[in-house]
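A short write-up of the structure that comes next.
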Amino acid sequence: MSSDKKVYKETLNLPQTSFPMEAKLVMNEPVRLKKWQDMGLYQRLLESRRNAPKFILHDGPPFANGDIHMGHLTNKTLKDVILRYKSLAGFSTPYVPGWDCHGLPIEHKIQQDLGKAFREMGAIEVRRKCYEYAEKYSDIQSQQFQRLGILGDWSNPYLTMKPEYEANTLEVFARVVENGLVYKQLKTVPWSIANQTALADAELEYQDVEDQTVFVEFPVANPGAFKARFDLRLNARVSLMIWTTTPWTLPANLAIAVHPQIDYAFVKYLKNEHWYITVVAADLVEKVFTKSPGLQPSVVRTVKGEELGGIDYQHPFVDRIGKVVMADYVTTTDGTGLVHTAPGHGEEDYETGIRHGLEIYCPVLPNGRFDSTTPNWLTGQSVWDGNKLVVEKLRELGVLFAEEKYVHSYPHDWRSKTPIIFRATEQWFVALDKPIGGMTLRERALQTVKEQCRFIPDWGRARISGMLESRPDWCISRQRSWGLPIPVFYNEKNQPLLTPESVRAVAKVFRESGSDAWYTHTPARLLEGYDPGPDFPKDKLRKEKDIFDVWFESGSSWMGVLKAREPQLHFPADLYLEGSDQHRGWFQLSLLPALAAVGQPPFKNVLTHGFIVGPDGKKISKSDKNYVTAVQEVNRHGADLLRLFVCQLDFEGDMAASPKMIQEFGDKYRKLRNTLRYLLSNLYDYDGSTFDVPADSLDGWMLFELDQLVQETTEAYESYTLHKAFRALHDFCAVQISSIYGNAMKDRLYCDPPGSLLRRRCQYVMHKTLIILTKLLSPMIVFTADEVWEHIPHKPEGEKDLPSVHLTSLPRGMNAPKSEAWSLLFELREEVLLQLDRLKKEQGVNKALDAEVIYPGKFKSRLAGFGVDLEDIVGCGYHSFDDSLDRVTVVDRRQVYRSCARSWKRRPDVGQDPQYPDLSARDVQAVRSRT
RNA sequence: GGGCUCGUAGCUCAGUUGGUUAGAGCGCGUCCCUGAUAAGGACGAGGUCACAAGUUCGAAUCUUGUCGGGCCCA
């Protein structure tokens, strides 16, 4: 018996394949990568789409600093999947990756590395070090991105520090200058003392700090007139009470701001046997006086803020008269409702100062120390020490009403992590509210975003619009070395030379020699071929020291890349795809230069994704045990797994990830791989024959399901909902193939004569399934899909000789016909499976092959056409119809029929052939056909 | 504090214009198979749809608020 069993087993058509179950991605992916490089896959792909319409996804440049992290991995993976899909769909998809190379973080890093030596070094030397650093990390990141299977022009990426790119950035600048939007002005800006530079909004980080805040009484300058005006008959000192979290800014106080509509109370109180009257917002009297208990305050009068306008007060420790001004931003949330205003030390204060014609007074030097215009007890002191000194002085003068510790969020320099100050400095700006061609840049940007760009998700429009509405003029200057110099010259009268032509003259030099030329060349040399006129004698010119905000450089990439590389690329790009933080960053700061320079948006579509967070949905830091180290995870699990992991996440919101989640996600990858492998393993002897498949069959059902899959997956890819594409594909493998079709087909695949119609037809369907699945999965699991492709026999005409699945085209629907009987069939299947389960539990029928499924006769006309499918779909050994039955019924046949020793199906036709008494009729035929 | 945004089973996601006992896959548990075998199959247990009010005959779905998360600002 046991020997017979073995003999019969050898007559089966069991699955065979050299496609390994174990992926060994970590080991195999680099080999395949090498293969792609050797065959020039990227170039071949472009070549093969030579005449196709282009789809240009313009890469936002990551900063050339450090290893790639999950944010990079996610972003680049999404880009690659979308581009590969578009390519599959027939588009030409050139992709030029880039890096943001200039900027503070690198200079900061070099500064740290060099320590003291940094200060003694010239700009050229520092810049050389920075260049090397940026080059090193763009190379490292390039390797890491390529390891992920990101396809692109890696041999020719764009680097913002390259001479041609710099020249192109200057060309953008020249056009902005041409449109009259560039100006220089004293402005109060965030200032980093540590780095001695102005900072962009994007360079600020908010951290909670505890500050010593003070309530200070500023005596009115003319108490007699004041009392008379407000009818106060009391021998008391009269003052205005302000509150500040930054006492060190008090030396620069020039005004006190009140809200015109807020009620202000004149509060009388007695302290040390003297009467005082002080002005505080009515709503805050109680709160303020709890800071200095026991004074028994009483309100003697209440007036609107507007009545206080123009009142003069005496600065407590500087010989200066200040005045009360109106401002809308004054609130009664904190403080006193009277806002200390130092136009040189705060952005709102600055606005107020401009409006009221105040001096933009800033007595603080770049190093954070008070200058000589301050009282001598402050001169030379740092502002942080100034806090204490000022408070002491106030106490000494008897104007310090109260002190209070206060925790609030305060801006810090994002690199040095030190608190910033606000300081008035000379800066270059791009004007947002100056009309060009009848419309300001701000208006044009808002209109463009509304009418010419699509945002995915749609709320991106509202987000960027809100930012455009409220943002101030763009400060484009920085006081550093590592960046693109702002090409301005000054004559001896300190007048700036800045014309489109002067900028272009410098650009020409940069294009040849790089921006180091700014430091090595004379003005005359830099301006060669340009005549600035008699006011600007070339030999008397001085060069600007400031460099550009790096955002101006990366924001000019549409010029430096898209336009510069036409016709391979085109402007505007079809798609920009970055994290949602770039609404304020790259999206906005690419839009503004593009509109300012050429009047067109750089993108048609803007797609954003959320951020990687921890498994608890919270922001995650490197020190967290759940932190995912991208490079490490790729080396542990392989790029395909990480790619697939990214694809399954709905990237509209935040995306949770942890090493454990990635590890567990391996199950999903293995499901796909095993399914593909199963299909492959049953095609080893497929002869390539094709069939007209009837709808009334599982084969027909499968083809229809495939059509659905193609449609669903394509729609998901088209709408960039990759997680829906993934789910459709995964569930198809798990349900349609693994659980239903593949399971049902085992009997005929293994036991039928190799060339039987049903077996071949099944192979035909499986073959189609495999090709479609492999193609649809190929944008996601680029390595695995290619590996599968290599194993597929009888590839379609036209794709036979393609060396990679990535050179093929999207599968098309087959318009497979639908059968009305399917829903009935699957309804019955559910019922049968439940009955089989009961039979197993109650009667020990462990194998469905030992049972017979009996369908009610009333279904015969609808189901009979399915033939043997009717037993295979539930794994039974036999099926029949019975007119007397009302419901489908499963019956234990262990005592009734004999089991076929070959197919294990228990059925009445076993033993009919004397030569093979232990086989069913079909198996007899199969065995005979072999000899 | 402000703008935008997210919150459905352990996990990743579906839930169309508000309408029957809220679904899927995975994971988990139990069992089966041992001819997809470091695979495969069946069954089952898991959710007060963040919370609270409101609109409605009826809300995961609409409104408001609260709580919690994220990004960007202040």
Side-chain angles (χ1 to χ4, degrees), chain A residues 5 8-17 19 21-22 201-202 204 206 329 331 333-334 347-348 408-411 457 459-467 469-471 579-585 588 608-620 645 647-650 652-658 660-661 664-668 670-671 673-682 721 723-724 726-735 737-740 742-747 749-751 832-841 844-849 874-875 902-904:
Chain A
K5 224 177 178 175
Y8 287 137
K9 179 163 179 174
E10 282 162 7
T11 69
L12 295 172
N13 323 302
L14 292 181
Q16 304 172 20
T17 179
F19 183 85
M21 179 177 281
E22 197 185 347
D201 294 338
L204 303 183
Y206 286 80
Y329 55 79
T331 66
T333 319
D334 282 306
E347 287 185 317
E348 285 177 331
H408 64 138
S409 177
Y410 190 82
W459 48 256
R461 179 177 290 108
R463 187 157 184 197
I464 199 169
S465 295
M467 289 167 175
E469 275 162 17
S470 62
R471 69 153 301 141
S580 63
D581 57 335
Q582 301 302 335
H583 284 110
R584 186 170 195 87
Q588 186 193 153
T608 56
H609 59 257
F611 285 72
I612 296 287
V613 293
D616 56 357
K618 290 187 184 171
K619 186 177 176 161
I620 195 147
F645 182 82
C647 289
Q648 58 129 11
L649 298 167
D650 179 0
E652 183 175 336
D654 298 320
M655 299 169 275
S658 72
K660 188 164 171 258
M661 287 168 78
E664 287 171 354
F665 184 74
D667 289 328
K668 304 272 202 309
R670 266 172 253 123
K671 186 62 174 183
R673 188 179 179 88
N674 280 328
T675 305
L676 293 165
R677 180 172 182 269
Y678 180 62
L679 294 173
L680 268 178
S681 69
N682 283 301
T721 44
H723 70 286
K724 290 191 178 175
F726 167 79
R727 267 172 57 81
L729 290 162
H730 176 271
D731 289 4
F732 189 85
C733 286
V735 180
I737 301 182
S738 218
S739 169
I740 300 173
N743 220 22
M745 294 298 120
K746 282 180 185 177
D747 177 72
L749 284 169
Y750 301 171
C751 304
V832 170
L833 290 176
L834 285 172
Q835 287 189 39
L836 277 168
D837 192 56
R838 212 177 308 138
L839 226 48
K840 181 168 78 182
K841 281 174 181 149
V845 182
N846 287 333
K847 293 198 277 190
L849 289 170
V874 290
R902 184 168 175 275
S903 70
W904 302 335

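Numbers restart at 1 for each chain; the letters A, B, ... are given by sequence-line order, proteins then strands.
With both pairing distances under 3.5 Å, B:C51 is matched to B:G65 as a Watson-Crick or G-U wobble pair. Using N1 to N3 plus N6-O4 or O6-N4 for Watson-Crick, or N1-O2 and O6-N3 for G-U wobble, each under 3.5 Å, B:A9 pairs with nothing. Across all strands shown, B:G35 forms no Watson-Crick or G-U wobble pair with both distances under 3.5 Å. Base-pair partner of B:U30: B:A42 (Watson-Crick or G-U wobble, both distances under 3.5 Å). A 3.5 Å limit on both hydrogen-bonding distances identifies B:C73 as the Watson-Crick or G-U partner of B:G1.
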Please produce a list of atom pairs where a protein N or O lies less than 3.5 Å from an N or O of nucleotides 46-51 of chain B.
none

Please write out the pairs of protein N or O atoms and N or O atoms of nucleotides 2-8 of chain B separated by less than 3.5 Å, giving the distance to one decimal.
from : atom 1 : to       : atom 2 : distance (Å)
B:G3 : N2     : A:Arg463 : NH2    : 3.3

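Not counting sequence neighbours, the partners of A:Asp654 by the side-chain contact (heavy atoms from CB on, under 4.5 Å) test are A:Phe611, A:Val613. Annotation: ring-ring contact (aromatic ring centres under 6.0 Å, His included) contacts of A:His609 (sequence neighbours excluded): none. For A:His723, there are no ring-ring contact (aromatic ring centres under 6.0 Å, His included) partners, not counting sequence neighbours. For A:Lys668, the side-chain contact (heavy atoms from CB on, under 4.5 Å) partners two or more places apart in sequence, or in a different chain, are A:Phe665, A:Phe726, A:His730. Under the salt bridge (charged side-chain N to carboxylate O under 4.0 Å, His left out) criterion, A:Arg838 pairs with no residue, sequence neighbours left out. For A:Lys618, the side-chain contact (heavy atoms from CB on, under 4.5 Å) test picks out A:Asp616, with sequence neighbours left out. Applying the side-chain contact (heavy atoms from CB on, under 4.5 Å) rule to A:Leu649 yields the partners A:Phe645, A:Met655; only residues at least two apart in sequence or on another chain are considered.
Rounded to whole Å, atom P of B:G25 lies 16 Å from atom CG of A:Leu729.
Among the atoms of the strands shown, only primed sugar atoms or phosphate atoms (P, OP1, OP2) are found under 4.0 Å from some heavy atom of A:His723. Using a 4.0 Å heavy-atom criterion, one finds that A:Gly610 contacts no nucleic acid atom at all. Using a 4.0 Å heavy-atom criterion, one finds that A:Lys618 contacts the sugar-phosphate atoms exclusively. Using a 4.0 Å heavy-atom criterion, one finds that A:Ser681 contacts no nucleic acid atom at all. Within the nucleic acid shown, A:Asn674 comes within 4.0 Å of at least one base atom, counting heavy atoms only. Residue-level contact check: A:Lys724 touches the backbone only, with heavy atoms under 4.0 Å from sugar-phosphate atoms and none from bases.
The base of B:A24 sits within donor-acceptor range of the side chain of A:Arg727, with an N or O pair under 3.5 Å. In this model, a side-chain donor or acceptor of A:Ser738 finds a partner on the base of B:A36 within 3.5 Å.
Between A:Thr608 and the choices A:Gln582, A:His583, A:Arg463, the side-chain contact (heavy atoms from CB on, under 4.5 Å) rule is met once, by A:His583.
Glycosidic conformation, B:G7: anti, with the torsion outside 90° of 0.
A close approach under 4.0 Å does occur between a side-chain nitrogen or oxygen of A:Lys619 and OP1 or OP2 of B:C71.
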